[in-house]
Protein chains: 2
Amino acid sequence: MAYHHGRLRETLIDEAAAAIDERGVDALSLRELARRAGVSHAAPAHHFGDRSGLLTAIAADGFERLADALGAAGTDFVEAGVAYVRFATEEPGRFAVMFRTELLRPDDPALEAARDRAGSILASGAVGALGEARADRLAAWSIVHGFATLWNSGAIESAPDEHPDALAREVAARLVPGARAGG
Amino acid sequence: MAYHHGRLRETLIDEAAAAIDERGVDALSLRELARRAGVSHAAPAHHFGDRSGLLTAIAADGFERLADALGAAGTDFVEAGVAYVRFATEEPGRFAVMFRTELLRPDDPALEAARDRAGSILASGAVGALGEARADRLAAWSIVHGFATLWNSGAIESAPDEHPDALAREVAARLVPGARAGG
DNA sequence: CTCGTGAACTTGTCAGTGTCAAGATAGGCC
DNA sequence: GGCCTATCTTGACACTGACAAGTTCACGAG
């Protein structure tokens, strides 16, 4: 086994994110992660310090991906909202980590930057469709975030193979005055 | 130390809920809990089987309290929504456990009953203000649940002493056609 | 009263975890 | 060559959740 893995840091982030999507944050063990990557149990600590360091890196990566997805969806609030939900439901583990703030380093610069980027993109869509007030932006964020977390927690009853996109679009449209599409 | 504590089960649930409100679910250790209650490290297992049993009991208790709070708030959707948010923000630990389904026993009868009771009360308020469609009920639930979880995760920027109630009322009102109170 | 039966609780143990300290290795720069 | 620093390993510690087996106690039958 070579001493220098070469790309250990990236490997660990990818493996960890995949493991979290499969089995949840709490089931993620640093030691098992190290085993999967073929390194010793203390190798991850070198790159991330401790568990929160790893999760913070994953969360920052998650906000970057979310910002990209929101940007690609365009400026319409409903479409951005659907993109938000799609991201959350397709990568539930990453998404959960992003908002489990007690597990993260509070003032990590990379995390804060990524979070701000995603937030401002979502807010710009909301301002166009609803208004500029704080409550407008928060209402937009709340309804898509709430739907996403409820769906991921299994609280929303649905057919076994139902895809959340259509439902999310309907729900988000409820917030836009005069645009009660579907339903 | 008396062998028979007498009210160990209730004591453990109360202590655990308080500890969770203070330091989060993940920081809750069965052994520390037992220490606090003055019993041996294996005593909790007798009453709850394992960790998920304890958390399931706490979650069921939480849904009962939530249902009570929603019922007391009346049938108006906005007021019920504010009550939902108030419950979530005043007892954040309990609230978090209730939706961490991976930590709970999936088909516990007491949990299911309490959850259904709370759900139907919230839904009845939504139907009156919005409509009977699935998306109407989900939009109502999503916006208040989203606001509550975002607030609890610290994602919403606010003054250090700001109380979420007024903001929650404003946000919830955004969903009701023609009732854009505040903002 | 005594006795035994079962619930409530304890003691002991196990594999597993996160974190820390100290040692080993190797690539790059003089 | 020789050193230096980042990278990774080895070893240890205190802690955890879960399990098995033993101990104590309340209570009802006889």
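Just so it is clear: chains get the letters A, B, ... in the order the sequence lines come, proteins before strands, and each one is counted from 1.
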Nucleotide C/dT19, atom C1' - distance to CZ of A/Phe48 in whole Å: 16 Å

Sugar-phosphate only, base, or nothing, as touched by A/Ala43 at under 4.0 Å among non-hydrogen atoms: base

Atom-to-atom span, CG of A/Leu30 to P of C/dC20 - whole angstrom: 12 Å

Plane angle bin for A/Phe95 and A/Tyr84 - parallel if under 30°, tilted between 30 and 60°, otherwise perpendicular: perpendicular

Atom pair distance, as rounded to whole Å: NE2 in B/His46 and P in D/dT24: 17 Å

Touch class at under 4.0 angstrom, heavy-atom based, for B/Leu28 against every strand present: sugar-phosphate

Quiz item: A/Arg31 side-chain donor-acceptor pair to C/dG16 base, under 3.5 Å: no

From C/dT19, D/dC8, D/dA18, nucleotide with atom closest to A/Leu8 side chain: D/dC8

Distance in angstrom units between A/Leu12 CG and D/dT7 P, rounded: 12 Å

Minimum heavy-atom distance between A/Pro44 and A/Ser40, given as atom pair plus value: CD-O, 3.7 Å

Rounded distance in Å - CG (B/Leu33) to C1' (D/dC15): 16 Å

Selected nucleotide, minimal atom distance to A/Ser29 side chain, candidates C/dT10, C/dT19, C/dT17: C/dT17

Donor-acceptor pair (no angle test) under 3.5 Å: A/His41 side chain, D/dG11 base: yes

For atom CZ of B/Arg9 and atom C1' of C/dA7, their distance in whole Å: 14 Å

In one Ile/Leu/Val/Met/Phe/Trp/Tyr side-chain cluster, 4.5 Å: A/Val127, A/Trp141: no

Rounded distance in Å - CG (A/Asp26) to C1' (C/dT17): 14 Å

B/Pro177 to B/Leu130 - nearest heavy-atom pair and separation: CD-CD2, 4.1 Å

Which nucleotide in D/dT7, C/dT19, D/dA18 has an atom nearest any side-chain atom of A/His47: D/dT7

A/Arg36 CZ - C/dT17 P separation (whole Å): 13 Å

Residue whose closest nucleotide on DNA chain C lies nearer the 5' end, A/Arg35 versus A/Ala42: A/Arg35

